[in-house]
There are 2 protein chains.
Amino acid sequence: MNTVQEIIDHAENSCKTRGSKLTSKRKCVLSALLQSNKAMSAYELVDYCKQVYDKTLPPMSVYRILDFLQEEHLAHKLNMANKYIACSHITCSHGHGVPQFLICNNCQQVKEISVNESTIDTLKHDIEQAGFQMASPRLEINCLCGPCSDKAS
Amino acid sequence: MNTVQEIIDHAENSCKTRGSKLTSKRKCVLSALLQSNKAMSAYELVDYCKQVYDKTLPPMSVYRILDFLQEEHLAHKLNMANKYIACSHITCSHGHGVPQFLICNNCQQVKEISVNESTIDTLKHDIEQAGFQMASPRLEINCLCGPCSDKAS
DNA sequence: CCAAAGAATGATATAAGGTATCATTCGATA
DNA sequence: TATCGAATGATACCTTATATCATTCTTTGG
C-alpha cells in the first residue's frame, strides 16, 4: 500500500515522462480522489477541494482536470454513476488486465478488480456473435459491498 | 417478429393480469420506444410523442411512465447512457437469462442479448471473491454496432 | 346515479451533471 | 523580457432528473 503522497509523486513522474504536467490543481483533484477513496462527482470534488485543501476550483476546471487525468490513465469515469475515481494502478509499472468496476449501489464505494481474461473473451465472443464490437471491455457492475450487503440482510 | 401493435396488446394483457393499467399515455411512450427501436432519453420521448403521435406529455409524466414501465418489466433504463429502451421480451412467456445490453457508442442503437449463464456465474464468483455482491447481473457494455464499426475503420 | 377515494397526470420550480465559449493568467522559451 | 501556448477562470446554457402541489380521471360503494 502506498501513501497518497507516494502515488502523487509517481503520477507526477509518469506525466513528466509522457510530456505533460501534473499542476498543483491537477494534484489537488487527484489527491481528493485518492484520499476520499470512493467515487466522487465533479461537484463533490469541487466541495472536497474547497473544504479539505482550501482550494477553490470552478466546476469547469474540475471537468477539464478530470479529462486530463483520464487521458493520463490516472483516473476513470464511472458512466453508470456519473462519478470519477482514481486509477488503482498508478504506481504499478506492469500491464494489467482490463479493470472491472464494482460499484456499491448503497455507499458508492468502488472496487477495481481484474477478472479472469477468459471470461472477458467469452463475453467478447458472444458480443461479436450479435454483430457488435466491444468498445471497451471495461465493465461497470452494480453491486453491494460487504458491509452494505450485511446491513441490508 | 411481432408488430408494435401486437406487442402493445400483449403488454396490455400482462398489465391487466398484474392488476395495473396500460393507459393511453403509457401506451404512447411504450410505442415510441418500440417504434424508434433505439435507446431514448426522457426528453427525446417527449419530443417523439409530440411529433409522431401529436401527444403532448410533460417530462415529469414521461419519467413517471418510464418508472411504471420498468416496474412492469416493459422497459429498461440504461444507466450508462441515461436512456431508456423497450424490453425485447415483452411477448415471451418463458423466463430468460438476465439480459445484457450492448450499447453502440456512436448511434445509440442497443441490442439486448443473453450471454451464456456460466459466464455470468464466473463473473459473479470473481466479484464475491472481492467481497462484493452482484446487485444486478445485468451488464451494460460499451460497443460499436456493425455498421458504425464498419464506418469507423 | 352520485359522491368520495385513489390513481394518473399536469404544472412549476429547482437540483445536479455537463458543455460551449470567450477571457485571463501562468510558465517556458527564444 | 516579450511572446506564445497551455492552463485556468467566468459565464451562460443545455440535459437529465426530482420534489411538490394542483388537477383530472376512474372506480366503486351507497
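Numbers restart at 1 for each chain; the letters A, B, ... are given by sequence-line order, proteins then strands.
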request  = From the options dA17(D), dG17(C), dA10(D), select the nucleotide whose nearest atom is closest to the side chain of Met60(A).
outcome  =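 When the side chain of Met60(A) is considered, dA10(D) is the closest of dA17(D), dG17(C), dA10(D).
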
request  = Taking only the side-chain heavy atoms of Arg26(B) (C-beta and beyond), determine which of dG18(C), dT9(C), dT20(D) contains the nearest atom.
outcome  =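 Of dG18(C), dT9(C), dT20(D), dT9(C) is nearest to the side chain of Arg26(B).
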
message = Tell me the interatomic distance from Lys55(A), atom NZ, to dA7(D), atom P, rounded to whole angstroms.
response =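 It works out to 15 Å between those atoms.
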
Integer-rounded Å distance: dT16(D) P and Asp67(B) CG =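 Rounding to the nearest Å, CG of Asp67(B) and P of dT16(D) are 16 Å apart.
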
Ignoring backbone atoms, test whether [X] places a side-chain nitrogen or oxygen under 4.0 Å from the OP1 or OP2 oxygen of [N].
| X | N | answer |
| --- | --- | --- |
| Lys21(B) | dT27(D) | yes |
| Tyr84(A) | dG17(C) | no |
| Asn82(B) | dT15(D) | no |
| Lys25(A) | dC26(C) | no |
| Tyr43(A) | dG17(C) | no |
| Thr23(A) | dA7(D) | no |

inquiry  = Under a 3.5 Å threshold, yes or no: a donor from one side chain and an acceptor from the other, between Tyr53(B) and Gln35(B)?
reply    =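 On atom types as modelled, these side chains qualify, holding a pair under 3.5 Å.
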
ask   = Does the side-chain hydrogen bond (donor to acceptor under 3.5 Å, both in side chains) test come out yes or no for Thr91(B) and Asn2(B), once each step is laid out?
value = CA-CA 8 Å; Thr91(B) 57; Asn2(B) 299 286; 3.1 Å; yes

query = If you pin Ala42(A) and Arg64(A) to their nearest nucleotides in DNA chain C, which one's is more 5'?
reply =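 The answer here is Ala42(A).
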
task = Have a look at Lys77(B) and say if it touches a base, only the backbone sugar-phosphate, or nothing, with a 4.0 Å heavy-atom cut-off.
result =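 Sugar-phosphate, no base atom in range.
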
